[in-house]
Amino acid sequence: MNNFEKPMIKIDHLTKQYGNGCEFCRDFKNTSLQKNYCPKCETVYACQDISLEVFEGEILGVVGESGSGKSTLLSCLYFDQEVSRGEAYINHYENGNINILALSSQKKRFVRNHVLGMVYQNPTKGLKMKVSSIGNIAEKLIAAGNRRVDTMEKRGYELLEHVNIPLVRIKEFPENFSGGMQQRVQIAKALSNNPPILLLDEVTTGLDLSVQANVLDLIKKIQRELKITMIVVSHDLAVIRMLADRSIVMLNGKIIESGITDQILEDPQHQYTQELVHSLL
Ligand SMILES: Nc1ncnc2c1ncn2[C@@H]1O[C@H](COP(=O)(O)OP(=O)(O)OP(=O)(O)O)[C@@H](O)[C@H]1O
């Protein structure tokens, strides 16, 4: 990476709050909220003033305890939720000159269908459980404007083979699959329209260790072969260590530490990060 490279994703001051805020908490920079909520009006600041950059082909890890705002960050970027404030730019959309968070619904749909892929912790959010695996992929391809059945079928076969779903089972409903297989189908679906950016939210949480390793290997293989830019969210530092080049650590909706993952692991600066790293040893 050279210093003059334009980031693939640039997020500026992203804030997501639940509640209107009050005089006490409205400018949270000038107050000292201990947690992510205001004790006076109970507004929750799920993400507070998040700014970050991700470069092409890089995997950025987002780590932090439950409730620190990791999923909210991804869901705002994928338009599952509206932000309260802040901007995001993606190099593959209008050369990174337009704030995607302020687009019309139609343009947001375009970005979702052509630029972003999302893999959720819960496969029921990313997959239709009563539609075959190949049907799930076709659905995403149709949303992206594909109409040719033979091309979609070929792409579906390719992708499901790539994520190691036995071809004899691709017409089965994902509800019949194990958790690991469901995650692999979800990954195939997210990749179906060749998105340059993949967002992964706790994709190995709840899986057995050996299945987790399998899914993590798959993500690494995809990154190596397809050079997709990724943001990987996990509460598990071991997952982040395995996948991410650079990482941010979140606590109470804020970024408290960021840098090269190995450096964070070797020399954590914030007390919370030190505790997190210590728990890995
Ligand atoms: N609809 C909502 N209304 C109020 N607060 C919410 C809502 N959704 C999320 N929150 C709060 O926002 C904060 C951030 O939640 P988020 O799910 O992003 O955290 P997380 O780090 O992803 O944790 P987890 O891994 O447990 O999902 C939490 O305090 C959560 O309780």
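Note that ligands are numbered from 1 as they come in the structure, with each ligand's atoms numbered from 1 the same way.
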Is the closest side-chain heavy-atom distance between Leu167 and Tyr157 below 4.5 Å? yes
Protein heavy atom at shortest distance from atom 29 (O) of ligand 1: Asn36 ND2, 2.9 Å
Which heavy atom of the protein is the closest neighbour of atom 25 (O) of ligand 1, given with residue, atom name and distance? Lys70 NZ, 3.5 Å
Would you please determine whether Glu202 falls within less than 4.0 Å of ligand 1 on a heavy-atom basis? yes
Separation between CD1 of Ile59 and OG1 of Thr229, rounded to the nearest 0.5 Å: 9.5 Å
Check: Val44 N/O within less than 3.5 Å of ligand 1 N/O: no
Residue and atom name of the nearest protein heavy atom (relative to atom 18 (O) of ligand 1), distance in Å to one decimal: Thr72 OG1, 2.4 Å
Separation between CD1 of Ile170 and CD1 of Ile134, rounded to the nearest 0.5 Å: 3.5 Å
Find out if a path of hydrophobic residues (ILVMFWY) with successive side-chain heavy-atom gaps under 4.5 Å connects Leu265 to Ile260. no
Can you see whether Thr124 engages Asn122 through a side-chain donor-acceptor pair at a distance of less than 3.5 angstrom? yes
Which protein heavy atom lies closest to atom 9 (C) of ligand 1, and at what distance to 0.1 Å? Tyr18 CE1, 3.7 Å
Among all protein heavy atoms in this structure, tell me which lies nearest to atom 14 (C) of ligand 1, with the distance rounded to 0.1 Å. Gly67 O, 3.5 Å
Hey, is Asp201 touching ligand 1 through its side chain, its backbone, both or neither, going by heavy atoms under 4.0 Å? neither
Of all heavy-atom pairs between Asp49 and His13, which one has the smallest distance, and what is that distance? OD1-ND1, 2.8 Å
Checking Lys108 against Phe110: charged group under 6.0 Å from the ring centre and within 45 degrees of the axis? no
Contacts table for residues 92-103: side-chain donor-acceptor under 3.5 angstrom, sequence neighbours left out:
residue	atom	partner	partner atom	Å
Asn99	OD1	Ala88	N	2.9
Asn99	OD1	Leu101	N	3.0

Would you say ligand 1 has an N or O under 3.5 Å from any N or O of Ala46? no
Under 4.0 Å, heavy-atom basis, I'd like to know which part of Glu65 is in contact with ligand 1: side chain, backbone, both or neither. backbone
What do you reckon, is CD of Glu161 surrounded by more than 12 foreign heavy atoms closer than 6.0 Å? no
Does even one non-hydrogen atom of Ser68 get within less than 4.0 Å of ligand 1? yes
Got the closest protein heavy atom to atom 26 (O) of ligand 1, with its distance? Ser66 OG, 2.5 Å
Counting non-hydrogen protein atoms only, what is the nearest one to atom 17 (O) of ligand 1? Give residue, atom name and distance. Ser71 CB, 3.9 Å
Is any heavy atom of the protein nearer than 4.0 Å to atom 31 (O) of ligand 1? no
